Visitor: 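For reference, the structure I am asking about is given below.
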Amino acid sequence: MGPSTGGRTRLSGMQKQVLSLYRGFLRAARSKSPEDRRHIESFVSAEFRRNSKQVDRKNFIYIEYVLRRGKKQLEQLNSPDTVGLSSMNVTFSETENPKN
């Protein structure tokens, strides 16, 4: 067993950053209309859940990239003019050869 505090496992610095980002999105959603809020909360929950299942926990470089991208999206969401979020899926394949 690892070190624990009050029956809970200690979180790494990166895990704390992820949780802080998640809470930031939920806080930002509160400032939007009820309909937008539900959409944002649903979207954020799905994105975090998807990443938790698909991203290797030891791939720190990629996790840092996703954190930076999330922080930028949170900044945009905090803008009063922004009403929602969207996602862009980009897939890279090691077998693809660029045609030059």
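These numbers were taken from a predicted model, which means no experiment stands behind them.
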Visitor: Using a 4.5 Å cut-off on heavy atoms from C-beta on, say whether the side chain of R49 contacts that of S45.
Guide: yes

Visitor: Establish whether L21 and Y65 are linked, either directly or via other cluster members, by ILVMFWY side-chain heavy-atom contacts under 4.5 Å.
Guide: yes

Visitor: List the atom of L67, the atom of M14, and the distance in Å for their closest heavy-atom pair.
Guide: CD1-CG, 4.0 Å

Visitor: Side-chain heavy atoms nearer than 4.5 Å, only ILVMFWY residues, links allowed to pass through others: does that put V55 and F48 together?
Guide: yes

Visitor: Would you confirm whether E41, through its side chain, and R38, through its main-chain N or O, come within 3.5 Å as a donor-acceptor pair?
Guide: no

Visitor: Looking only at heavy atoms, what is the nearest atom pair of L74 and G24, with distance?
Guide: CD1-O, 3.5 Å

Visitor: Measuring from D36:CG to F43:CZ, what's the distance to the nearest 0.5 Å?
Guide: 13.5 Å

Visitor: What distance do R57 atom CZ and S52 atom OG have between them, rounded to the nearest 0.5 Å?
Guide: 7.0 Å

Visitor: Apply side-chain contact (heavy atoms from CB on, under 4.5 Å) to residues D56 and Y62 and explain how you reach the verdict.
Guide: CA-CA 9 Å; D56 178 16; Y62 185 71; over 6 Å; no

Visitor: Run the side-chain contact (heavy atoms from CB on, under 4.5 Å) check on H39 and K32 step by step: do they pass?
Guide: CA-CA 10 Å; H39 175 72; K32 307 302 178 187; over 6 Å; no

Visitor: Run the side-chain contact (heavy atoms from CB on, under 4.5 Å) test on K72 and Q76 for me, step by step, so that the C-alpha distance in whole Å, both residues' side-chain angles and the decisive distance to 0.1 Å come before the verdict.
Guide: CA-CA 6 Å; K72 288 180 183 179; Q76 291 175 341; 5.7 Å; no

Visitor: CD of Q17 to NZ of K71: how many Å apart, nearest 0.5 Å?
Guide: 4.5 Å

Visitor: Using 4.0 Å as the upper bound for N to carboxylate O, is an ion pair formed by E47 and R50?
Guide: yes

Visitor: Shortest non-hydrogen contact from L77 to A28?
Guide: CD2-CB, 3.8 Å

Visitor: Quick one: are the ring centres of Y22 and F25 less than 6.0 Å apart?
Guide: no

Visitor: Could you state whether I40 and L26 fall into the same hydrophobic cluster, counting links through intermediate Ile, Leu, Val, Met, Phe, Trp or Tyr residues with side-chain heavy atoms under 4.5 angstrom apart?
Guide: yes

